[in-house]
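All chains are named by letter (A, B, ...) in the order of the sequence lines, taking the proteins before the strands, and each is independently numbered beginning at 1.
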Amino acid sequence: MGSEELKPFIPLKKPKVEKVVEKELPALNDPDSVVLRFAPGPSGPLHLGHTRALALNNYYKKRYGGKLILRLEDTNPNAIDSDAYEMIESDLNWLSIKADEIIIQSDRIELYYQEIRKILEKGGAYVTFSDAEEWRDLKNQKKAHPDRERSPKVQLTEFESLLVEGKGIVVIKTDLEDPNPALRDFVALRVVEEPHPRQSTKYRLWPLYNYAVAVDDYHLGITHVLRGKDHLNNTLKQKWIYKYLGWDEPNYIHYGLVSIPNTNLKTSKIRESIKEGEFSGWDDCQLATLKGLARRGYRPETFLRYWENSGLKEVDIKFSWQNFDAVNKDIIDSESRRLFFVSDPIEYTIETKNTLVKDAPWHPGKPELGKREEQIKSGSKIYIQKSDVEAFDDNKLVRLKNLCNVVVNGRKLSFEGMQPKKGSQIIQWCSSHTPIDLFYPDGTIVKGIVEDNISGLDGETVQFERVGFVRLEGKKAFFLHR
RNA sequence: GCUCUCGUGGUGUAGUCCGGCCCAUCAUCUCGGCCUUUCGAGCCGAAUACCCGGGUUCAAAUCCCGGCGAGAGCACCA
């Protein structure tokens, strides 16, 4: 058989069907009424790490027309920054995420008392005055503390007395035989005598995380709990409370942990460093707080888009600044005006017969934005970056970008034509200028000058050509990314 | 140590439930080329991945078993 006859038998590559897959996050169960929550502890302002939970919850809220509750978890009087309540709300605001309801746990202490009474009554919890170690040791040996076996009636009496005095704890009974020691009997409420920033000394018995979360999730009607998988065990604990109270459980969704390289996210550490003067405040451009990142010029949409793109798989992931920056650049590039920035400026004088006019567009892709014009007369000072000057020889022809060609001669630049010459070096320059300090997130500060055109641009992101995108703030510029 | 998760290019992601249209998607990064009075943007192209080993099957990224690896939890924190 000739090759022509074989043709029908040659397996053909199937043409690939162009799949236009609308990429989206996985669907939720029970999508009919979706109630979600974002529940930070008010220990400081929000940082990059918080934005994932926020973005994901917000995404599903919008997708299903649901409701998002901001719940401030302030049940540990020792770990509260009283400014944080407001800072968190303003951070949400900045992200354009609207909480449909704001709940503060320390306003709901009576509710936690009410529900624990029910559990005590049903024999699902107990009060003990045992010291922490003894109680924990017994647990680890799968043994019950004697206080565990007392009748509900006694437990209730002990509970009421704990409200006024004594040093005990209220414990939720689980399965003492559970192979995972983390899941055996856990504390629901404990005594804290320190005054609470909002409630002062009104209460002395404070609920702990797992207990308060379960009670609130139920009473707030939360349908879907979206959180990191570090909460896997917490979910199991919280289910015991649902069981005792006969409540229907919400849908739990756990996503993998993110590690954010080279970034300090520990609120307590940051606070310390601010106190020591290492950072100027929560909005220092070296920090990955929302305030710090906002100051550098990251856009709210960047956070949302980045996290929605990262999905919610249970694998642990690494945060990529590169990818994050790419998202931000995509948003700001088309709207950021261009400027010349000259670091370590060296002064030159220009010689020209005719007055020259700088003809530089505010944005190369958007002529409608107009130009940044400037008249350059003979004798005008021209400033050039030291690193560019280092490549100069006398009689070298260079192109002052958007102006003209010049020949370098000592500290003089002589006009040498308007037509750009192929191959000649093109450099940025400043004449009339403003001094500006460029702050990098690693703490370095570069002093330089910027064209005298920035008056109307305070607070905006612009691109310093060849340097990267920055956000302007007075006589400062904060480096964003390339 | 115990308990629980999870392993797709450098990074993130789609596909895994219900095996075939997957010689594996998209984005970013990297490297070329084009364009450009920015080292930005845009356009074109390239390179790079199903943790390993068995099994089931006509057919495995997808199912089963074993290994290896990574992470988390083990608080009177949240």
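Base contact: Asp131(A) has a heavy atom under 4.0 Å from a base atom. Within the nucleic acid shown, His254(A) has no heavy atom closer than 4.0 Å to any nucleic acid atom. Across all strands, Trp206(A) comes closer than 4.0 Å to no nucleic acid atom at all (heavy-atom distances). Residue-level contact check: Ser334(A) touches neither bases nor backbone, having no heavy atom under 4.0 Å from any strand.
The residue among Pro26(A) and Ser130(A) whose nearest nucleotide of RNA chain B lies closer to the 5′ end is Pro26(A).
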Intra- and interstrand pairs of RNA chain B - dot-bracket, Watson-Crick/G-U under 3.5 Å, | marks other strand: (((((((..(((.......[.....))).(((((.......)))))....(((((..]....))))))))))))....
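Atoms CD and OG1, on Glu194(A) and Thr201(A) in that order, are 11.5 Å from each other to the nearest 0.5 Å.
Each of Tyr60(A), Phe319(A), Tyr255(A), Phe324(A) was checked for a ring pair (Phe, Tyr, Trp, His ring centres under 6.0 Å) with Trp307(A), and the lone residue meeting it is Phe319(A).
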Strictly under 3.5 Å: I want the nitrogen or oxygen pairs between protein and nucleotides 44-47 of chain B, one per line.
none

Output one line per pair: protein atom, nucleotide atom from nucleotides 29-38 of chain B, and distance, for all N/O pairs under 3.5 Å.
from: U37(B); atom 1: O2'; to: Lys401(A); atom 2: NZ; distance (Å): 3.4
from: U37(B); atom 1: O2; to: Asn402(A); atom 2: N; distance (Å): 2.7
from: U37(B); atom 1: N3; to: Arg399(A); atom 2: NE; distance (Å): 3.4
from: U37(B); atom 1: N3; to: Arg399(A); atom 2: NH2; distance (Å): 2.9
from: U37(B); atom 1: N3; to: Asn402(A); atom 2: N; distance (Å): 3.3
from: U37(B); atom 1: O4; to: Arg399(A); atom 2: NH2; distance (Å): 2.2
from: U38(B); atom 1: O5'; to: Lys401(A); atom 2: NZ; distance (Å): 3.4
from: U38(B); atom 1: O4'; to: Lys401(A); atom 2: NZ; distance (Å): 3.3
from: U38(B); atom 1: O4'; to: Glu465(A); atom 2: OE1; distance (Å): 3.3
from: U38(B); atom 1: O2; to: Gln463(A); atom 2: OE1; distance (Å): 3.4
from: U38(B); atom 1: N3; to: Gln463(A); atom 2: OE1; distance (Å): 2.8
from: U38(B); atom 1: O4; to: Arg338(A); atom 2: NH1; distance (Å): 2.7

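Atom C1' of A27(B) sits at a distance of 13 Å from the matching atom of G9(B), rounded to the whole Å.
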side-chain hydrogen bond (donor to acceptor under 3.5 Å, both in side chains) assessment of Asp216(A) paired with Gln105(A): CA-CA 8 Å; Asp216(A) 279 336; Gln105(A) 285 191 321; 2.8 Å; yes
